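Input: a single structure, listed below in structure tokens.
Just the heavy atoms: all of them, side chains too, but no hydrogens, waters or symmetry mates, feed the values below. Chain A is the first sequence line, chain B the second, and so forth, proteins listed ahead of strands; every chain is numbered from 1. Since the model is a prediction, treat every value here as computed from it, not as a measurement.
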Amino acid sequence: MNIFGLFERRVGEALDRLAAAGRIPAGIDTSKVLVEPPRDSTHGDLATNAAMAVAKAAKANPRQLADLIAEDLRTDPRVVGASVAGPGFINIRLAPHVLHDVVRAALADPAGYGRSGQGAGQAVNVEYVSANPTGPMHVGHGRGAVFGDALANLLAFAGYDVTREYYVNDAGAQVDVLARSAFLRYREALGEAVGSIPEGLYPGDYLVPVGQALAAQHGPALRDMPEAEWLPLVRSVAIDAMMAMIRDDLASLDIRHAVFFSERSLTKGEADKIGETIAELRARGLVYEGRLPPPKGQLPEDWEDREQTLFRATEFGDDVDRPLLKSDGSYTYFAADIAYHRSKFERGFTSMIDVWGADHGGYVKRMQAAVNAVSGGTAKLDVKLCQLVKLLRGGEPVKMSKRAGDFVTLREVVDEVGRDPVRFMMLYRKNDAPLDFDLAKVLEQSKDNPVFYVQYAHARCASVFRQAGEAFAGRVPGSDALAAADLSVLTDEAEIELERRIAQYPRVVEAAALAHEPHRIAFYLYELSSVFHGLWNKGKDLPQLRFVKHDDERSTVARLALLGALKAVLASGLGTLGVSAPDEMR
RNA sequence: GGUCCCGUAGCUCAGCAGGAUAGAGCAGCGGUUUCCUAAACCGAAGGUCACAGGUUCGAAUCCUGUCGGGACCA
């Protein structure tokens, strides 16, 4: 139940009636009509810009038009007041039962309240993490992982059919380096003194077990083979080990992908999906042999003006056409990426979201151009860039770990502070804003720590239910009693404000899903918690506002109903973020 | 040299699809505990929304340019 959507339609009906009565022209554009929370809740429960949004097309004065719309709205039994303010806003005051119905809706279906049909089952592919399988995940990967996962949750909740996908870069030069690094550990496991790890190989300890496993499996057999023979073997074992480690790291954050798409599979055996993709684009005139203009400014030393196989990215808004083949004739990464995104399209996705690190920002235009090209303009790619994470402890930058090589692993951070703080803090910021993550601060149990603040609100709700159970000798009101509660006793402004906030949840979900911005859920939950904590403390001064009233079961049940709805929204929102909603804090 | 992101209170950041008097938190100031968890709350104070133009009935929000910070590319 989304009262904003409900009243958007209601305002639309009012406009239709005005058109039917000849007061405004028929068929004018009403797409800009919004019903939203008023800036100040003293104005009312809902506000609409309808009069201003259509005034121009209707060739009417916004205030006069607003008067007409307001007049229509006042005939609605759900509306107790509609007034025109400012340049033509209409502020709507709802009958109390409308907000009470929202509370009842949340109680009736705690997990389903806020769910939206917005996506209408449309298939969306969300690709996130896609870290190279060459080592453990670091904190930066973690941000993309948490963001992508929460976005996928959010879209699913908003009614999309979401596929969570990981692109495994198991075909490039890095995995050959990985194989050579693992081979060194293999020789080490056989008893050779390998000394310090040479420059250019991965030094991390995490390859030691891979070397040991290879030694246990093959004995010295690999040692005397030429590299061309052992490399594919070692590479495959090492990649599997790295992916197992990465999956494990992700599981510690409760992140699980449905599809792991292998880059190597694009060219495995007889298949050459990359060549196929290039041929198809060439047939459509989007690939040609040509020369690129030299870059402006200072010429790089290795610049050579030569003919290359190029994709016409400029036809789709990119700045320059992009090479598909390297000088040695092998495919560029970009060529593989085109084939990969073509595979998404062939699998039925016309809506794709890629979550990348900000360092790949320069890649966005060409990838969008490619998706546009392979889908004939029917598919859309949104790229969400996650900015860097700066890891701090008490304001001081955290030193690199030796274990991993040269970075702090995600696992170390999760092990230290726990899943919930990591997830919440990474979502309590826009994805394109840099993030300072302070290990000391996220463990603080105080209002300075938003994770704690929101979880505490949920725990407080649970606590009230426990208190009520004691107060009424174990007769905790069941869901039937709550559903039947007489909510007319909820008359304090703080209680009504809490109802209003609860009523906003479906709208927040839809807006966040539409914008691909899960952080809006996190901020909403913080504000919702704040309203609740305020109401709670009001009960300290005014005993009549306490949730549990030993001498008044009727109003206690009504307040428990309100809290039940609140608890449902907190749990639902936290669930979307992938953060737990505890019943007590320890 | 070019592309992308960012610039909002002393600090860290929100600001929903262009709307009303631009909001939180922190820090600082002043209050609230015989009372459901003070692990919390309330109040006052704090702003040239980087700058200059443009579009609009209306711009922090959209467009152009300049300056500043960051990421990346050849």
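Using the Watson-Crick or G-U wobble rule with both distances under 3.5 Å, B:U56 pairs with nothing in any strand shown. Pairing for B:G28 is absent, judged as Watson-Crick or G-U wobble with the two contacts each under 3.5 Å. Applying the Watson-Crick and G-U wobble criteria (two distances, each under 3.5 Å), B:C73 pairs with B:G1. B:C49 is unpaired under the Watson-Crick or G-U wobble criterion, no partner having all donor-acceptor distances under 3.5 Å. With a cut-off of 3.5 Å on both Watson-Crick or G-U wobble distances, the partner of B:A38 is given as none. When Watson-Crick and G-U wobble pairs are counted only if both distances are under 3.5 Å, B:G68 pairs with B:C6. Across the strands present, B:U33 finds no partner; the criterion is a Watson-Crick or G-U wobble pair with both atom distances under 3.5 angstrom. Across the strands present, B:U21 finds no partner; the criterion is a Watson-Crick or G-U wobble pair with both atom distances under 3.5 angstrom.
Rounded to the nearest Å, the gap between the C1' atom of B:A45 and that of B:A24 is 15 Å. Between B:G43 and B:C49, the two P atoms lie 26 Å apart (nearest whole Å). Distance check on atom P: B:A27 versus B:U21 gives 32 Å, rounded to whole Å. Atom name C1', nucleotides B:C51 and B:G46: the rounded distance is 23 Å, in whole Å. One P atom belongs to B:C62, the other to B:A17, and the distance between them is 10 Å to the nearest Å. Rounded to the nearest Å, the gap between the C1' atom of B:A22 and that of B:A14 is 11 Å. Annotation: B:C73 and B:U61 have their P atoms spaced 31 Å apart (nearest Å). Rounded to whole Å, the C1' atom of B:G53 lies 32 Å from the corresponding atom of B:C11.
Set against B:A20, B:U37, B:A14, the side chain of A:Asn91 has B:A20 as its closest nucleotide. Counting only heavy atoms from C-beta on, A:Phe452 has its side chain closest to B:A39 among B:C36, B:A71, B:A39. Distances from the side chain of A:Phe547 to the nucleotides B:C36, B:A20, B:G15 place B:C36 closest. The side chain of A:Arg520 lies closest to B:C16 when the candidates are B:C57, B:A71, B:C16. Minimum atom distance to the side chain of A:His519 is reached by B:G15, of the listed B:C6, B:C16, B:G15. For A:Tyr526, the side-chain atoms get nearest to B:G25 when compared with the rest of B:A20, B:C36, B:G25. The side chain of A:Lys540 has B:C36 as its nearest neighbour among B:U12, B:C36, B:A17. In this structure, the nucleotide among B:A20, B:A40, B:U37 sitting nearest to the side chain of A:His533 is B:A40. Residue A:Phe523 has its side chain nearest to B:A14 when only B:C41, B:U3, B:A14 are considered.
A donor and an acceptor atom, one from each side chain of A:His360 and A:Asp354, are nowhere located under 3.5 Å apart. With 3.5 Å as the limit, one finds no donor-acceptor pair spanning the side chains of A:Ser572 and A:Tyr113. Judged purely by distance below 3.5 Å, without hydrogens or angles, the side chains of A:Asn132 and A:Thr134 never pair a donor atom with an acceptor atom. Side-chain N/O atoms of A:Thr314 and A:Asp321 include a donor and acceptor closer than 3.5 Å. With hydrogens and angles left out, the side-chain atoms of A:Arg460 and A:His533 include a donor and acceptor closer than 3.5 Å.
Contact check, A:Arg460 against B:U37: no side-chain N or O comes under 4.0 Å of OP1 or OP2. For A:Gln455, no side-chain nitrogen or oxygen approaches OP1 or OP2 of B:A39 to under 4.0 Å. Taking 4.0 angstrom as the limit, A:Ser463 places a side-chain polar atom (N or O) nearer than this to OP1 or OP2 of B:U37. An OP1 or OP2 oxygen of B:C35 is reached within less than 4.0 angstrom by no side-chain nitrogen or oxygen of A:Trp536.
Contact annotation for A:Lys538: no contact, since no heavy-atom pair falls under 4.0 Å across all strands. When heavy atoms are screened at a 4.0 angstrom cut-off, A:Ala515 is found touching no nucleic acid atom at all. Among the atoms of the strands shown, base atoms are found under 4.0 Å from some heavy atom of A:Ala85. Within the nucleic acid shown, A:Val548 comes within 4.0 Å of at least one base atom, counting heavy atoms only. Here A:Pro37 lies out of heavy-atom contact (under 4.0 Å) with every strand.
Annotation: cation-pi geometry satisfied between A:Arg312 and A:Tyr288 (NZ/CZ under 6.0 angstrom from ring centroid, within 45° of ring axis).
Nearest-nucleotide positions on RNA chain B for A:Lys365 and A:Tyr456 put A:Lys365 closer to the 5' end. Mapping A:Pro62 and A:Lys549 onto RNA chain B by nearest heavy atom places A:Lys549 closer to the 5' end of the strand.
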Inset, instruction - Quick one: do A:Asp420 and A:Ser580 satisfy side-chain hydrogen bond (donor to acceptor under 3.5 Å, both in side chains)? Show the steps, please. - result: CA-CA 7 Å; A:Asp420 289 343; A:Ser580 66; 2.4 Å; yes
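As a whole-Å value, the separation of A:Asp319 CG from B:C73 C1' is 10 Å. Protein atom CG of A:Leu435 is 15 Å distant from nucleotide atom C1' of B:C6, rounded to whole Å. Spacing between atom NZ of A:Lys32 and atom P of B:U56 amounts to 13 Å, rounded to whole angstrom units. Here B:C42 presents its P atom at 12 Å from CD of A:Glu497, a figure rounded to the nearest Å. Rounded to an integer number of Å, the gap from CG of A:Leu545 to P of B:U32 is 21 Å. The separation between A:Leu542 atom CG and B:A40 atom P is 21 Å, rounded to whole Å. Atom CZ of A:Arg429 is separated from atom C1' of B:C6 by 13 Å (rounded to the nearest Å). Rounded to an integer number of Å, the gap from A:Tyr453 OH to B:A14 P is 19 Å.
Base orientation of B:U8: anti (glycosidic angle beyond 90° from 0).
A donor-acceptor pair under 3.5 Å is formed between the side chain of A:Asn153 and the backbone N or O of A:Thr576.
Scanning atom types as modelled, one donor and one acceptor separated by under 3.5 angstrom connect the side chain of A:Arg546 and the base of B:C35.
Applying side chain to side chain contact (heavy atoms under 4.5 Å, CB included) to A:Arg500 and the options A:Asp45, A:Leu94, A:Val531, A:Val102 leaves one that passes, A:Asp45.
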